[in-house]
Amino acid sequence: MTEETPSGGRRSLARMLGIGLVASVLGVGLGLAIDWFPVQASTQASTIDTLYDVLIAVSVPIFVLVSVVVLYCVWRFRARPGQELEDGAPIHGDTRLEVIWTALPAVLLIALCTYAFVALDDIEAAQPDERRIRVTAQQYAWSFEYPNPRGGEPIRAEELVLVEGETVRFDIRALDVIHSFWVPAFRMKRDAVPGITTQLRITPNRRGRYPVVCAELCGLGHAFMRATANVVSRQEFDAWMAQQTQGTQERGG
Amino acid sequence: MAMKLRAPGWYRATAFVGLGVLFALGLTSAVRAASGLDPVIAGEAWLLVGLIAVPLFFLVGIGCFDYWFRWAAGKPTVPEDHSSHGAHSWRDYFRVNTDHKVIGIQYVVTSFFFLFIGGAVAMIMRAELAQPGTQIVDGQTFNGLFSVHAALLIFLFIIPVFAGLANYVIPLMIGAPDMAFPRLNALSFWMLPVAGTMMVASFLVGPFASGWTAYAPLSTTQPIGQMFFTIGVQFAGASSIATALNFLVTIITMRAPGLSFFRLPLLVWANFSTSLLVVIATPFIAASQFFVLLDYGLGFNFFSASRNGDVLMYQHVFWFYSHPAVYIMMLPGFGIVSEILAVKARKPIFGYRMMAFSLLAIVVLGFTVWAHHMFVSGMQDWIRVPMMVTTAIIAVPTGIKIFSWLATLWRGVLHIDTPMLFALGFLTMFTLGGISGVALAMLPFVIHVSDSYFIVAHIHYVLFGGSLFTVYAGVYYWFPKMTGRMYDETLGKVHFWVTFIMFNVTFAPMHLVGIEGMPRRVSDYPEQFASWNLAISVASIFLGLSTLIFVYNMVSSWVGGPKATANPWRALTLEWQVSSPPPIFNFDAVPTVVGGPYEYGVPGAVHGVFPDPDKDGADAAKQQPATTPSVAQ
Ligand SMILES: [Cu+2]
Ligand SMILES: [Cu+2]
């Protein structure tokens with residue numbers, strides 16, 4: 001048995017918690033300083049990135065605390081020469097402590113879930129005047145179909161052209177196996193499943209070209225199943241659309 | 001020769017494998033001829049039926065069923081015949097044996113064999129991923145590499161290695177002479193090499209390449225190699241279920257007098273909980289793979305959308321097993337760590353009952369979270385939120401365990417040797433894996449990172465930093481008991497530090513590349529991820545090499561290490577109260593349990609007492625102080 005008095009134990013505890021607090025602040029600072037995400041190119045992206053920052057701020061201290069307790073115990077309580085046959089303090093438990101470390105994480109997790117639920121509602125909210133684009137996945141290519149402004153055959157494109165600031169609702173389908181439509185710059189993803197049509201809503205808010213990635217293993221060409229999302233201004237989009245419709249003019253007009 | 005062919009063993013097994021091949025040919029040809037199919041001999045059909053028939057013929061040939069066949073045929077059986085019990089030379093480890101100690105070692109060594117194959121496969125993958133572009137393997141082969149890697153390490157390493165350690169230790173811990181069903185135990189073991197060989201053999205025809213998840217309809221439209229997984233899993237699963245039933249019956253019915261449930265070591269509790277998970281959940285993955293087999297082989301169209309199949313159904317059935325499976329791969333490790341921390345900190349486990357109850361809570365909650373693997377799958381939207389809440393809440397019982405382990409360290413006398421280092425490494429790394437798990441419950445975040453390298457990072461923190469670290473801890477900890485020799489402590493520590501550091505350098509950056517947008521399961525990636533991937537690949541080489549230190553230490557110590565005493569760790573649990581290695585039926589006299597398993601530091605506390613052969617009663621043993629419990633040699 002260690003000769004330690006309970007007050008000595010309390011001093012150790014205070015010192016350890018002090019170290020843990022400092023390390024946690026440093027850890028959270030580091031976690032927030034790291035540039036984790038690709039560019040934010042949709043309104044959904046900023047909601048999700050903020051959620052991630054909150055997760056960092058909550059979870060880094062937990063990891064740091066566990067590590068500090070381990071390291072501190074190793075340093076403070078390791079068997080010193082002459083202690084080879086000694087035993088530790090016969091502590092069997094402490095009901096108050098056990099209640100605290102059951103209840104506190106539960107409350108924290110419920111709070112996080114509530115926040116995540118609100119954020120989910122936010123990023124999936126329907127907007128007025130959504131453009132609907134049909135996404136078709138097949139081994140190993142994406143194609144995108146726009147309603148034809150002149151009516152008739154939809155416009156098919158290999159590149160996803162989107163208008164900055166305009167919410168798009170994608171209707172996603174697959175022709176062979178499961179694929180997954182993912183644009184990391186938009187932070188949004190939804191599987192393309194044979195037999196059903198799945199939906200995804202995105203509001204791009206930054207012009208530029210971003211990779212469209214297949215995220216679900218779909219066969220030997222899976223790694224190469226990529227396309228480009230091109231976010232442009234409304235004028236550029238209209239010009240592009242006019243160019244696409246030229247071919248269909250006779251039939252549609 | 002005729003004698004050898006009649007007796008159970010490798011000669012008869014080889015002959016039976018030949019018979020199995022012929023049987024498959026005969027059956028498929030007869031059926032095809034009868035249904036008027038042309039050609040009558042079809043290679044793929046032959047192979048497919050052979051994959052099911054040959055292993056069964058092999059198991060009969062090697063001798064797993066001899067006793068039961070004799071009994072079923074009404075021939076005289078010899079219940080007291082222990083000719084296949086216990087090992088007298090190394091050859092006995094290559095035969096059907098009913099001794100749980102032999103089976104335990106067979107399990108552990110076989111599992112590690114497949115760990116090394118699975119690890120080598122991973123290193124080929126990392127070599128391909130060191131640079132963008134295609135250098136070593138093409139897309140389909142690469143898909144095969146990660147599929148075989150995951151399938152081997154999940155079904156042939158983590159799950160069975162825990163079953164192996166528990167097989168060795170649990171009967172000893174509860175004061176039983178063996179498992180409840182020793183012959184079933186042997187059969188369970190022999191199904192493993194069958195499943196593993198099948199998965200590795202898929203390389204002969206082109207490996208299965210739809211991931212260990214084998215999502216339909218990709219898996220139902222793959223080349224024949226896919227069936228090596230589909231059928232291999234049935235054997236691994238059957239092995240798992242049989243072992244779990246064996247553990248449950250053993251733990252419920254064969255405890256020594258006085259060993260109530262709340263005096264059980266937590267390793268026993270952990271395997272009790274794991275076994276509940278296995279018997280309830282494993283039939284679901286068996287079902288999912290039967291669906292795939294029927295779709296593939298006989299055109300049942302369960303999952304073909306054009307024939308009104310339901311594609312998402314596969315995922316629900318699959319994950320209803322495969323989420324609980326992460327706890328099947330975790331709870332036994334929790335048990336190992338509880339044993340080691342108590343012994344090496346010389347303290348009772350903090351909050352023993354909560355430790356036991358939290359295991360049961362995980363068993364129950366583990367069945368309520370499966371659809372968190374399907375958050376972006378296109379299933380009904382409303383399922384997501386309740387599954388997010390249950391997924392977050394399951395962290396509460398896990399948190400209780402982590403905090404209780406930390407409190408167990410507090411004011412102990414810590415012996416920082418190799419098992420303890422791995423246990424402490426587990427504590428920190430598993431916390432990290434648990435935290436990223438909670439992050440993965442948070443719906444908006446997971447919409448972004450699902451199927452990205454963030455997932456790869458998370459599962460390796462849970463299964464490598466979590467499970468594998470506890471496996472290493474357990475193997476070092478019980479090595480003296482299993483082999484009667486001590487391992488080399490210095491090499492053990494070097495092994496820990498190289499593994500710990502290289503593990504983090506390998507897997508930590510994967511969180512970042514995942515969030516930045518690199519999908520998992522790709523053989524190629526854009527230039528922007530090149531430098532991180534190179535760093536990861538270099539670190540993974542050292543991580544792979546670190547296992548050589550372990551192998552060298554284990555082999556050389558087993559052959560020529562210093563002799564181990566009965567109880568080198570001064571532990572209280574029963575397995576340390578018998579000689580190292582234990583006698584053939586474990587206990588010369590049945591012990592009586594009179595107290596908790598972890599009463600370190602409590603003056604005069606004893607866990608088990610052994611009747612003294614010289615004196616009547618157990619008075620002599622009772623008077624021993626707690627730190628030097630009675631040792632029955
Ligand atoms: Cu795809
Ligand atoms: Cu899960």
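Quick caveat, the model's predicted, so the values are computed rather than measured. Residue numbers begin at 1 in each chain, while the letters A, B, ... track the order of the sequences.
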### Pairs flagged by salt bridge (charged side-chain N to carboxylate O under 4.0 Å, His left out) wherever residues 44-60 of chain A is involved - sequence neighbours left out
A/Asp49-A/Arg187

Under 4.5 Å heavy-atom distance to chain B, tell me which part of [X] shows up: side chain, backbone, both or neither.
X: A/Ile172; answer: neither
X: A/Val74; answer: both
X: A/Ile196; answer: side chain
X: A/Glu124; answer: side chain
X: A/Leu120; answer: both
X: A/Gln44; answer: neither
X: A/Val193; answer: side chain
X: A/Ile110; answer: side chain
X: A/Ile34; answer: side chain
X: A/Leu217; answer: both

### Query
Please walk me through it: do B/Met354 and A/Thr102 pass side chain to side chain contact (heavy atoms under 4.5 Å, CB included)?
CA-CA 10 Å; B/Met354 280 300 271; A/Thr102 309; 3.8 Å; yes

Let me know if [X] has heavy atoms under 4.5 Å from chain A in its side chain, its backbone, both or neither.
X: B/Val389; value: both
X: B/Met374; value: neither
X: B/Val449; value: backbone
X: B/Asn308; value: neither
X: B/Phe146; value: side chain
X: B/Ile435; value: side chain
X: B/Ala407; value: side chain
X: B/Ser450; value: both
X: B/Ile402; value: side chain
X: B/Ser147; value: neither
X: B/Ala441; value: neither
X: B/Ser404; value: both

### Task
Evaluate the criterion side chain to side chain contact (heavy atoms under 4.5 Å, CB included) for residue pair B/Trp410 and A/Met16; output intermediate values, then yes/no.
CA-CA 11 Å; B/Trp410 190 254; A/Met16 184 183 72; 3.5 Å; yes

Report yes if the side chains of [X] and [Y] come closer than 4.5 Å at any heavy-atom pair, otherwise no.
X: A/His92; Y: B/Glu599; result: yes
X: B/Val413; Y: A/Asp87; result: no
X: B/Phe350; Y: A/Glu98; result: yes
X: B/Asp524; Y: A/Arg226; result: no
X: B/Pro217; Y: A/Pro194; result: yes
X: A/Val177; Y: B/Gln222; result: no
X: A/Leu71; Y: B/Thr428; result: no
X: B/Arg570; Y: A/Leu85; result: yes

How long is the straight-line distance from [atom2] of [Y] back to [atom1] of [X], given to the nearest 0.5 Å?
X: A/Ile178; Y: B/Leu218; atom1: CD1; atom2: CG; result: 8.5 Å
X: B/Leu443; Y: A/Ile48; atom1: CG; atom2: CD1; result: 10.5 Å
X: A/Leu109; Y: B/Met442; atom1: CG; atom2: CE; result: 6.5 Å
X: A/Phe63; Y: B/Leu432; atom1: CZ; atom2: CG; result: 4.5 Å
X: B/Ile447; Y: A/Met188; atom1: CD1; atom2: CE; result: 4.5 Å

### Query
Between B/Arg521 and A/Glu216, does a side chain to side chain contact (heavy atoms under 4.5 Å, CB included) hold up when you go through it step by step?
CA-CA 8 Å; B/Arg521 297 173 162 175; A/Glu216 182 66 61; 4.3 Å; yes

Enumerate, atom names and distances included, each donor-acceptor pair closer than 3.5 Å involving a side-chain atom of residues 179-186 of chain A, sequence neighbours excluded.
| residue | atom | partner | partner atom | Å |
| --- | --- | --- | --- | --- |
| A/His179 | NE2 | A/Asp176 | OD1 | 2.8 |
| A/Ser180 | OG | A/Asp191 | OD1 | 2.7 |
| A/Trp182 | NE1 | B/His448 | O | 3.3 |
| A/Trp182 | NE1 | B/His448 | ND1 | 3.4 |

Are there more than 12 heavy atoms of other residues, nucleotides or ligands under 6.0 Å from atom [atom1] of [X]?
X: A/Glu84; atom1: CD; result: yes
X: A/Arg80; atom1: CZ; result: yes
X: A/Arg15; atom1: CZ; result: yes

### Task
Output the option from B/Gly378, B/Gly139, B/Ala305, B/Ser377 having the highest count of non-hydrogen pairs under 4.5 Å with chain A.
B/Ser377

### Query
Counting heavy-atom pairs under 4.5 Å to chain A, which of B/Arg384, B/Arg520, B/His511 comes out on top?
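Result: the option with the highest number of such pairs is B/Arg384.
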
### Query
When the ring planes of B/Phe403 and A/Trp101 are compared, do they come out parallel, tilted or perpendicular, using 30° and 60° as the limits?
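Taking A/Trp101 first and then B/Phe403, their aromatic rings sit tilted (interplane angle of 30° to 60°).
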
### Interface residues of residues 111-118 of chain A facing chain B - heavy atom cut-off under 4.5 Å
A/Leu112, A/Cys113, A/Ala116, A/Phe117

### Task
Output all residues satisfying side chain to side chain contact (heavy atoms under 4.5 Å, CB included) with B/Asp138, sequence neighbours left out; order by chain, then residue number.
B/Gln140, B/Thr141

### Message
Show, in sequence, the C-alpha distance, side-chain angles and deciding distance for B/Leu406 and A/Val66, and conclude whether the side chain to side chain contact (heavy atoms under 4.5 Å, CB included) test is met.
### Response
CA-CA 7 Å; B/Leu406 292 178; A/Val66 169; 4.0 Å; yes

